[in-house]
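To start, the structure under review is shown below, and the notes come after it.
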Amino acid sequence: MKPLEEDFYTRNVLEVARELLGKYFVRKIGKKILIGKIVETEAYSSNDPASHSYRGRTPRNDVMFWKGGYLYVYFTYGMHFCANVVTGREGIGEAVLIRAVEPISGIDIMHYNRYGTKTKMNIKSLIELTNGPAKFCQAFKIGRKENGISLLRGKIFIVEGDKIPSKLIRKSNRIGIKEGTDKEYRFFINNNLWVSKK
DNA sequence: ACCATGATCCGCT
DNA sequence: GCGGATCATGGTT
């Protein structure tokens, strides 16, 4: 349970996006702990028309321009949050969107965070828990307050996880964007049930 | 006016 | 059970 260090994050966004697959996203809440295995990511680079950083630094996207190792959380569609891992050097403006995780620990809490109940869980609702970027944020209670926090020390961090054989890593175009659709900047674990879309 | 989304509804198989 | 359309809802430009 040792957080990944700064030199993991201060590299090229595409490398980080690919290598985040299989690692564990961890959030400590009091005595409880939430853990999700990262199964789907998207890279947003500088000079990338799909990236929030493309039109320059603003109050909203400022964290994206910090050096690697911070969490960039943004609010969208009037009701959802999405979480990104900032990468590269200070001033660049690139980050990796966490699109989906596989619940590993704290599933009852994730369910409560998503639905406000602790009902019995079947396989379908287990998948619905975290198979999308805003679902993941809701399950892990990530919102405005988490924007700009450091992943190097504190209660939210990422640790080494399952080594994913490169055969099982697939890449594709990114989802839900209108520009930069030519780039294959989405990475996911083949056949994992929590990946948001084939 | 636009959105890096998700839940629901509706018409099909 | 599905795939596609629609809408909810608010910050940003």
Side-chain angles (χ1 to χ4, degrees), chain A residues 9 12-14 16-18 20-21 25 36 38-66 68 70-88 92-103 110-117 119 121-149 151 158 170-189 191-198:
Chain A
Y9 298 103
N12 179 274
V13 66
L14 291 170
V16 178
R18 197 175 52 243
L20 276 173
L21 294 178
F25 189 100
I38 298 170
V39 301
E40 180 183 354
T41 62
E42 278 178 1
Y44 287 86
S45 63
S46 59
N47 267 35
D48 173 359
S51 172
H52 288 170
S53 61
Y54 186 64
R55 288 172 183 80
R57 209 161 167 161
T58 68
R60 182 207 196 194
N61 64 22
D62 193 66
V63 173
M64 227 181 141
F65 289 86
W66 297 4
Y70 290 92
L71 197 67
Y72 165 52
V73 181
Y74 67 87
F75 181 69
T76 189
Y77 292 106
M79 62 190 87
H80 299 303
F81 291 97
C82 294
N84 301 249
V85 170
V86 178
T87 69
I92 304 285
E94 51 183 36
V96 178
L97 173 68
I98 309 290
R99 281 199 59 89
V101 307
E102 173 180 337
M110 294 183 202
H111 191 276
Y112 188 81
N113 289 342
R114 290 266 292 129
Y115 305 111
T117 63
T119 54
M121 192 123 35
N122 55 33
I123 181 63
K124 177 138 173 73
S125 59
L126 191 55
I127 290 171
E128 285 291 317
L129 227 39
T130 53
N131 64 341
K135 296 178 187 178
F136 158 66
C137 278
Q138 194 179 12
F140 278 69
K141 243 183 163 48
I142 292 171
R144 273 178 239 287
K145 287 197 298 292
E146 285 69 34
N147 186 37
I149 62 151
L151 296 167
I158 299 171
R170 307 243 336 217
K171 104 185 138 162
S172 77
N173 302 317
R174 292 171 294 185
I175 291 177
I177 56 168
K178 293 224 174 75
E179 306 224 46
T181 50
D182 53 316
K183 298 180 168 68
E184 295 203 308
Y185 282 1
R186 173 174 176 251
F187 301 90
F188 58 98
I189 300 176
N191 287 331
N192 183 282
L193 292 174
W194 280 265
V195 170
S196 66
K197 188 172 168 249
K198 284 175 205 164

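Labels below follow one simple rule: chain letters A, B, ... track the order of the sequence lines, proteins then strands, and each chain is numbered from 1.
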May I have the distance from N61(A) (atom CG) to dT12(C) (atom P), rounded to whole angstrom? 10 Å
Would you mind reading off the distance between N122(A) atom CG and dG1(C) atom P, rounded to a whole angstrom? 12 Å
Within-4.5 Å side-chain heavy-atom neighbours: Y185(A) and N173(A): no
Each stem that DNA chain B is part of, given as range with range (3 or more consecutive Watson-Crick or G-U pairs, under 3.5 Å): B:1-3 with C:10-12, B:5-12 with C:1-8
Which atom pairs, donor and acceptor, lie under 3.5 Å between side-chain atoms of residues 140-147 of chain A and protein residues at least two apart or in another chain?
residue	atom	partner	partner atom	Å
E146(A)	OE1	G143(A)	N	2.8
E146(A)	OE2	R27(A)	NH2	3.1
N147(A)	OD1	V73(A)	N	2.9

Of D48(A), D182(A), T181(A), the residue whose pairing with R174(A) passes side chain to side chain donor-acceptor pair (under 3.5 Å): D48(A)
Step by step, work out the side chain to side chain contact (heavy atoms under 4.5 Å, CB included) result for E102(A) and W194(A). CA-CA 6 Å; E102(A) 173 180 337; W194(A) 280 265; 3.5 Å; yes
Under 4.0 Å, heavy atoms only, any strand: does A134(A) hit a base, just the sugar-phosphate, or nothing? sugar-phosphate
Less than 4.5 Å apart, side chain to side chain, heavy atoms only: is that true for P133(A) and E40(A)? no
S53(A) versus E94(A), side-chain donor and acceptor atoms under 3.5 Å: no
For R114(A), answer base if it contacts any base atom (sugar-phosphate contacts may also be present), sugar-phosphate if it contacts only those atoms, and nothing otherwise; contact means non-hydrogen atoms under 4.0 Å. sugar-phosphate
Using a heavy-atom cut-off of under 4.0 Å over every strand shown, decide if E128(A) touches base, sugar-phosphate, or nothing. sugar-phosphate
Can you tell me how far C1' of dC2(B) sits from NE2 of H52(A), to the nearest Å? 11 Å
OP1 or OP2 of dC2(B) sitting under 4.0 Å from any side-chain N/O of K178(A)? no
Categorize R99(A) for me: base, sugar-phosphate, or nothing, with a 4.0 angstrom heavy-atom threshold over every strand shown. sugar-phosphate
So does T58(A) get a side-chain nitrogen or oxygen closer than 4.0 Å to the phosphate oxygens (OP1/OP2) of dT13(C)? yes
I'd like to compare against my own output: the B/S/- annotation of nucleotides 4-11 of chain C with a strict under-4.0 Å heavy-atom distance to protein. ----BBBS
